[in-house]
Amino acid sequence: MTTPGPVRVAIVNDYEVVVHGLAAMLAPYRDRVRVVEVDVDGHVASEVDVTLMDTFAQQPITDSHLEQVLSSPRAGKVVVFTWNMQPELVDLALAKGARGYLDKSTHAEQLVEALEKVAGGDVVVSPSFGPGTDTDLEPADTQGDWPGRAHGLSPREAEVLALITQGLTNTDIARRTYLSINSVKTYIRNAYRKIGVTRRSQAVRWGLENSMTPGSERTRTPRGQAGT
């Protein structure tokens, strides 16, 4: 089931580069989905059919962030866009009221199709990775953009570095990202090597100087497509 005309979409994340990257990814499909707002504070101001909630460096859905987005009266149906595809997280998000739970390896056209289905009343969940999947592995073919990409940081390295910049400990990061503590340490070492630092204080300074902290922007685009 789909809705007639372009689906009106808001994109939510605390990082400007993330929301604009997703808007740019959807831009070629503007006849089917129209991004009318990119938002970094979780309060959707434009009336939309679907809100796409990216989880980069966000509070986990076990905390209040998902409820905050769901409570926005104009947010429409909420879709979580993430690489944390553990079945218990999927079940929890749907129980809280999300209408979609999509893996970040979902390609642009598949994402558009999913948004159309959700807008039309369906619940859409990316296929499970299956039992025994190593969720500590770097996600393949991650869509959109992320802070630090231009410096060679992978999505996971960037997320871990963003959380370091926010002041989280390694244990905090492991809990938030659903990674093992050893994987967190590996991503930290790789990130430090790529940005040329050796200490946490240096990494925090680098992060503050390179957009690794949450932003405070909202852009509405009622006459056009965000990211164009």
Side-chain angles (χ1 to χ4, degrees), residues 9-15 18-19 22 39-40 42 44 50-72 75-107 110-111 113-144 146 154-164 166-188 214:
V9 176
I11 300 174
V12 175
N13 183 269
D14 287 345
Y15 288 78
V18 171
V19 292
L22 279 175
D39 184 8
V40 295
V44 179
V50 179
T51 294
L52 183 62
M53 176 184 156
D54 191 289
T55 63
F56 178 90
Q58 294 279 2
Q59 292 287 340
I61 62 170
T62 53
D63 290 339
S64 61
H65 188 231
L66 178 58
E67 287 95 331
Q68 177 183 332
V69 177
L70 287 164
S71 69
S72 296
K77 300 174 176 68
V78 176
V79 173
V80 177
F81 196 50
T82 184
W83 46 60
N84 293 327
M85 292 298 298
Q86 290 85 344
E88 63 271 22
L89 296 181
V90 177
D91 292 343
L92 179 59
L94 298 182
K96 288 187 174 188
R99 302 293 292 175
Y101 198 97
L102 303 178
D103 171 34
K104 282 194 177 186
S105 65
T106 302
H107 292 287
Q110 295 172 319
L111 177 57
E113 291 174 357
L115 295 175
E116 290 174 330
K117 289 179 180 178
V118 169
D122 292 343
V123 174
V124 181
V125 177
S126 294
S128 170
F129 294 141
T133 298
D134 187 351
T135 56
D136 281 3
L137 292 175
E138 184 74 46
D141 300 323
T142 299
Q143 302 297 291
W146 55 88
S154 72
R156 280 297 202 192
E157 292 162 359
E159 182 176 40
V160 168
L161 186 56
L163 295 173
I164 285 173
Q166 293 180 35
L168 274 67
T169 66
N170 290 0
T171 301
D172 294 333
I173 293 169
R175 185 180 301 114
R176 181 175 295 197
T177 58
Y178 295 88
L179 295 169
S180 69
I181 193 68
N182 287 336
S183 290
V184 169
K185 291 177 180 178
T186 297
Y187 286 126
I188 289 173

From NZ (K77) to CG (D122), nearest 0.5 Å: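 Answer rounded to 0.5 Å: 10.0 Å.
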
Within this structure, what is the CD-CD1 distance for the pair E159 and I173, rounded to the nearest 0.5 Å?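 E159 CD to I173 CD1: 9.0 Å, rounded to 0.5 Å.
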
[X] versus [Y]: any side-chain heavy-atom pair under 4.5 Å?
X	Y	value
T171	R175	yes
Q59	Q68	no
Q166	P214	yes
P155	F56	no

Run the side-chain contact (heavy atoms from CB on, under 4.5 Å) check on V19 and D39 step by step: do they pass? CA-CA 7 Å; V19 292; D39 184 8; over 6 Å; no

Please walk me through it: do V18 and F81 pass side-chain contact (heavy atoms from CB on, under 4.5 Å)? CA-CA 11 Å; V18 171; F81 196 50; over 6 Å; no

Tell me whether [X] contacts the main-chain N or O of [Y] through its side chain, where contact means a donor paired with an acceptor under 3.5 Å.
X	Y	value
N13	D54	yes
R99	V124	no
K96	L70	no
E157	Y187	no
T169	D172	yes

Please walk me through it: do L89 and T82 pass side-chain contact (heavy atoms from CB on, under 4.5 Å)? CA-CA 10 Å; L89 296 181; T82 184; over 6 Å; no

Could you walk me through whether L92 and L66 pass side-chain contact (heavy atoms from CB on, under 4.5 Å), step by step? CA-CA 10 Å; L92 179 59; L66 178 58; over 6 Å; no

Closest non-hydrogen atom pair, [X] against [Y]:
X	Y	result
R176	N84	O-ND2, 4.3 Å
T51	V12	CG2-CG2, 3.5 Å
V160	I188	CG1-CG1, 3.5 Å

How about K185: does its NZ atom have over 12 heavy atoms from other parts shown lying under 6.0 Å from it?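 Not buried by this count: 12 neighbours or fewer within 6.0 Å.
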
We want to know whether S180 and N182 form a side-chain donor-acceptor pair, criterion being a heavy-atom distance below 3.5 angstrom.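 Per modelled atom types, S180 and N182 side chains form no pair under 3.5 Å.
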
